[in-house]
Amino acid sequence: MGQNFLQDDDLARWMADSLQAGPEDTIIEIGPGLGAVTKHLIGRSRRLILVEKDARLAASLRENCREHPSIEIIEADAVSLDLRPFFQYGPLKVLGNLPYSVGTTIMAEWLTTPSPVGHAVFMLQKEVCERVTASPRSGDYGQLTVRLQARWQASIVRHVPPDSFHPRPAVDSAIVSLQPRNRHELPVFDEHLFSHLVRLGFSQRRKQLKNVLGQLPKPWPELCEALKVTESARAEELSVAQWIELTRLSDPHPLHDTPQSAGEIFDVVNDQNQVVSQATRAEVHARALKHRAVHIFAFTPSGELLLQKRSHLKDTCPSLWDSSAAGHLDAGESYEAAVTRELHEELGLKPSASTPVFQARLDACPETGWEFVELYAVTISPSRIRFPAAEIEAVRAFPIDMVAAWTAARPQDFAPGFLRCWHEWQALAPAPAHEPAPENVRLPETSPPPS
Ligand code: SAM
């Protein structure tokens, strides 16, 4: 369990300080152990959650923290812990002097998109920190580097000698700080396809990429010209931005680059939802004209609700969580046709892959963005979800009680139109009969790799 306990109290305090947590934050410490860092975290924030796998250490922490109601102790394996309940606490401050055997796995799991983490400070083996922060064309630069740096700004903030621990580890350590990258710094990309290509590319790092990436939708020379690399390039020669560009050039989704089109034509309706004219998307939104839209709640067979995180490129409610799929009706389109189209465009589902279980109508109001909404709840058969990267950053399934707790605690995380639909659904929908899903099951999130 990598139980090398920190014995340098100044360093423990420094590490706690480096998290820069305020009174409104929720802090999670992974592997608190005997509490060397924990004691410097107490009282800094409104909630402190300690995740410890060792039953004896967890019991002793419970005993020692009895008088602190703001501390919660979770006895669990941080590798497989279900992180979805943490979204309701807002962006988390996460700290851990991680067990070295599983440190890389914990870091990758906790920082995978969509992640509830807002800032992480991890102590790890020095070599791992150097891999996380490496530059192209260096021996340390690899899959971990590219996948983390695509989403996180990583820097080594301190080196730590073995003498700082008891028992003394055989290796040097370092502390790495990870902050989310500004989404506007890099173009949008399909996360699933990106991971697939990076994994393939580094699977045989001595080989040229053209021999390991398999068949791509465009000829290799054309891709190399666009990326400005030689045709003999190896994985370590591509910068993170070039890996992202390679993903974008290989993305087969027809809408992968189109968050919305201001020129789309919608039907404008009156107070009775009767069509009176047509106008462009831009005009309808600028003049708050009443129009029509669908929202779809897609439930997994085990009764979990798929939520989508809107892309930061959306013209309305960027980066907020929303219904599984939603969209305006095109001029002349029926609500039913829009449901079929949106399920296909936004989740990649065929009409036969879903069964309607509930339907409701919502009048146009400011929360719906002056849309007359028809809300459909459907159960989807297990299938691969694929979505356009420009419209949707992530799709994730959440149990109903988790959505209820999250919407109540942080309504600001959700698009107002979704909240309006959610409250309607909660008030009117029959209680779902389903088996609880096993913990931490993730639906496949994006498009399949090109074959
Ligand atoms: N934070 C303490 C310190 O700095 O002295 C302990 C750090 S020690 C390197 C790693 C801690 O992680 C131990 O308390 C160990 O029991 C715990 N641990 C090991 N594997 C874990 C896992 N998979 N999930 C959660 N905690 C784990």
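Read the numbers this way: they start at 1 and go in the same order the structure lists the ligands and their atoms. The structure presented is a predicted model; accordingly, all values stated were derived computationally and were not measured. All values below come from the heavy atoms of this structure, side chains included, with hydrogens, waters and symmetry mates left out.
Under a cut-off of 6.0 angstrom, the local environment of NE2 in H344 is sparse, with at most 12 non-hydrogen atoms contributed by other residues, nucleotides or ligands. Surrounding NE2 of H68 are more than 12 heavy atoms belonging to other residues, nucleotides or ligands, all under 6.0 Å away. Applying the 6.0 Å contact sphere to CZ of R183 captures more than 12 heavy atoms from other residues, nucleotides or ligands.
The contact shell of ligand 1, taken as protein residues with any non-hydrogen atom closer than 4.0 angstrom, comprises M1, G2, Q3, N4, F5, L6, E29, G31, P32, G33, A36, V51, E52, K53, D54, L57, A76, D77, A78, N97, P99.
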Legend entry - T247 vs H196, side-chain hydrogen bond (donor to acceptor under 3.5 Å, both in side chains): CA-CA, chis, key distance, verdict: CA-CA 9 Å; T247 307; H196 170 77; over 6 Å; no

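Judged by distance alone, the side chain of T145 and the main-chain N or O of R131 form a donor-acceptor pair under 3.5 Å.
The closest side-chain donor-acceptor pair between D17 and H40, if any, does not fall under 3.5 angstrom.
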